[in-house]
Number of protein chains: 2
Amino acid sequence: MLPAQRRDLLLTRLERDGRLVAKDLAAELGVAEDSVRRDLRELAAAGLCQRVYGGALPVSPAVADYATRGGVATESKRRVAAAAARLVRPDMTVLLDGGTTALAVARALPHDLRVTVVTHSPTVAVALLEHPGAEVFVLGGRLFKHSAVTSGAAAVEAAQWVHADLFLLGVTGVHHETGLTTGDADEAAMKRALAARSADTYVLASSEKIGAASPFTVLPLSEVSGIVTDAPEDHPVLDGLRRGGTPVVMAD
Amino acid sequence: MLPAQRRDLLLTRLERDGRLVAKDLAAELGVAEDSVRRDLRELAAAGLCQRVYGGALPVSPAVADYATRGGVATESKRRVAAAAARLVRPDMTVLLDGGTTALAVARALPHDLRVTVVTHSPTVAVALLEHPGAEVFVLGGRLFKHSAVTSGAAAVEAAQWVHADLFLLGVTGVHHETGLTTGDADEAAMKRALAARSADTYVLASSEKIGAASPFTVLPLSEVSGIVTDAPEDHPVLDGLRRGGTPVVMAD
DNA sequence: CTTAATCATGCGTGTTATTGCGCGTTGTGG
DNA sequence: CCACAACGCGCAATAACACGCATGATTAAG
């Protein structure tokens, strides 16, 4: 293991786990704790992590930069994705939406889980190349660059032959009155088409989506089986959703 | 072993292993560590790898995964890709195959070129997200993990509505007797279906493909408009192809 | 055919990076 | 306030490194 490779690994772990414990990593990598601590010090000096007693934590604001650049999800999205991934049971057929949260779900799926995934996102399809247990079907069509998914008539048509158990739906707004919304009309239609082909639909709603609204309605809240979110349990908008009869799944 | 050949090998290894260890490579290739280090320095200067203590790593951790999936092309493939990209004229409709060479073509296309690209490779589709001038259509279907393309009946069917000017075809073997070959039967069928939908078909044949043959025939050589290659002008197999009436495009 | 030039290579030399360990210091929890 | 773990720092050994130079091979020019 090259020293530089080890530092890369530390950053990857930090991303995945949200924290680093120097002692554990030293044991795992078979090096002295000193070396790990030295690495952490350097990474912290480079602004890539925040040094704390016992290990290191992600840099609070700078993470956003990294996230937008490499398609890496924020901690919030990762929590939601992890909870959503737990909804996927072996041998299910899952419709997976596009967007960074759905991408995080793909990455959060156990690599050897036997599952059939249907997606209209090439990005998600590429991520699932690393999952030997996943049978992947791509829905073709015109590529909508902004969110990197296929949409339009051809894509909607391609979705018609699918019968899925679960649709994990990404949106940009979840509001108790306007329902689920997104920023593009074609995209909204595509999401509706997918929801119609699945027994259950769960919404991936990281905290910043809660209470927000975008121009185009995807579905009314009554049409979904549940909302997966990491917003605080007692968030006022969540209370509103619950009163409206929408089940809320907490992402611890 | 030629120096340039050795550098290509280094890149191939970097692709495969995700890292290079100078000491090991020196021992394996039977050259001094200095020579390997010199190569690594040059490759790093050319932006093809990242020099680190002990060896080298892919250019950025973010593309490290990409590299192991074969996202990075060798110099040879890049030369072929650059030549093939020059075949693409403004406002054309191009069918772009999957595989590392085709991916390199996608990346080699001018970012503002107005062109319609139809592809059955999610990887290529993702690469074209950065090309604002490119209108991208994805052909859906079952994802064949090994080469990261969709294939099978659904994909072939989806290809039927396309009318393209140019198909850039990737194969694993170009042989004057067995013709164009690849390693999977479904994939071969898909490539045939794509060739049938395009006015012209050019084969992407980096030098290592020339003279090689794989289990499944894609097309006879007589069916293609030309072969793009970087093999030496006077390569005996190329002479054989020319005598057989196959046009050869040199990638200098 | 000969000579000059260019290039890759291997080796010696001095430099730099990395590592593990000991030691005194500092932070944490009871 | 105390015990303990984590910490930073300096040290020395080791490995990797860059640089310069001479050698041998291949190529270009004469």
Side-chain angles (χ1 to χ4, degrees), chain A residues 1-60, chain B residues 1-61 64 67 74-76 78-79 207-208 230-236 250-252:
Chain A
M1 166 92 52
L2 270 44
Q5 210 175 0
R6 186 183 57 226
R7 285 187 264 276
D8 275 355
L9 187 142
L10 293 182
L11 286 177
T12 308
R13 285 301 182 84
L14 180 58
E15 235 178 84
R16 198 190 67 185
D17 304 336
R19 67 178 180 138
L20 293 177
V21 181
K23 193 189 176 90
D24 298 351
L25 289 165
E28 184 183 335
L29 299 173
V31 295
E33 291 182 40
D34 275 0
S35 296
V36 175
R37 273 200 290 268
R38 260 185 281 249
D39 289 342
L40 293 183
R41 244 177 290 166
E42 287 186 32
L43 293 176
L48 298 173
C49 72
Q50 185 193 347
R51 192 76 176 81
V52 297
Y53 197 87
L57 292 175
V59 193
S60 348
Chain B
M1 160 115 25
L2 272 49
Q5 206 176 355
R6 187 181 57 226
R7 277 178 215 123
D8 261 4
L9 187 143
L10 292 182
L11 286 177
T12 308
R13 284 303 181 83
L14 183 58
E15 239 180 83
R16 199 190 66 186
D17 305 335
R19 66 163 184 168
L20 294 177
V21 180
K23 193 190 176 89
D24 297 352
L25 289 164
E28 184 183 334
L29 299 174
V31 296
E33 291 183 37
D34 274 15
S35 297
V36 175
R37 273 199 286 269
R38 261 186 280 251
D39 289 342
L40 293 183
R41 244 178 290 168
E42 287 186 31
L43 292 176
L48 299 175
C49 71
Q50 185 193 347
R51 191 75 176 83
V52 298
Y53 197 87
L57 291 176
V59 274
S60 110
T74 61
E75 214 168 311
S76 167
R78 234 188 324 275
R79 277 194 299 269
S207 54
E208 79 273 14
D230 69 325
E233 184 96 37
D234 57 351
H235 192 295
M250 299 306 302
D252 45 43

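Labels below follow one simple rule: chain letters A, B, ... track the order of the sequence lines, proteins then strands, and each chain is numbered from 1.
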Tell me the interatomic distance from L57(B), atom CG, to dA16(D), atom P, rounded to whole angstroms. 15 Å
For C49(B) versus A56(B), what's the shortest heavy-atom pair and its separation? SG-CB, 3.9 Å
Nearest to side-chain heavy atoms of R6(B), which nucleotide of dT9(C), dA15(D), dG27(C): dT9(C)
Rounded to whole Å, the CG-P distance (L40(A) to dC7(D)) equals 8 Å
What is the nucleic acid contact for V21(B), judged by heavy atoms within less than 4.0 Å: base, sugar-phosphate only, or nothing? nothing
Contact under 4.0 Å: R51(B) side-chain N or O vs dA16(D) OP1/OP2: no
Donor-acceptor contact present, side-chain D230(B) to main-chain S207(B), <3.5 Å: yes
Spacing of L20(B) atom CG and R51(B) atom CZ [to the nearest 0.5 Å]: 9.5 Å
Take atom CG of L29(A) and atom C1' of dT18(C), then tell me their distance rounded to the nearest Å. 15 Å
Phosphate-side-chain proximity, S35(A) and dT18(C), N/O vs OP1/OP2 below 4.0 Å: no
Does R41(B) place a side-chain N or O at less than 4.0 Å from the phosphate oxygens OP1/OP2 of dA18(D)? yes
Between L48(B) and the options L43(B), L10(B), L14(B), L40(B), the side-chain contact (heavy atoms from CB on, under 4.5 Å) test singles out L43(B)
Between P of dT19(C) and CE of M1(A), the distance in whole Å: 11 Å
Is the shortest side-chain N/O distance from R37(A) to OP1 or OP2 of dT19(C) below 4.0 Å? no
Polar pair under 3.5 Å, donor/acceptor by atom type, side chain R38(B), base dG10(C): yes
N/O donor-acceptor pair, side chain D34(B) with base dC11(C), under 3.5 angstrom: yes
Start at the 5' end of DNA chain D and walk down; is the nucleotide closest to E33(B) or to A22(A) reached first? A22(A)
For the atom pair NZ (K23(A)) and CZ (R37(A)), what is the distance rounded to the nearest 0.5 Å? 9.5 Å
Does a side-chain N or O of K23(B) approach OP1 or OP2 of dA16(D) to a distance below 4.0 Å, or not? yes
If only side-chain N and O atoms of R7(A) are considered, is one of them under 4.0 Å from the OP1 or OP2 phosphate oxygen of dT18(C)? yes
When the distance from CG of L10(B) to C1' of dA8(C) is rounded to whole Å, what number comes out? 15 Å
Taking any heavy-atom pair under 4.0 Å as a contact, classify V36(A): base, sugar-phosphate, or nothing. nothing
5'-most by nearest nucleotide on DNA chain C - Y53(B) or G30(B): G30(B)
For L20(A) and dC7(D), give me the distance from atom CG to atom P, rounded to whole Å. 12 Å
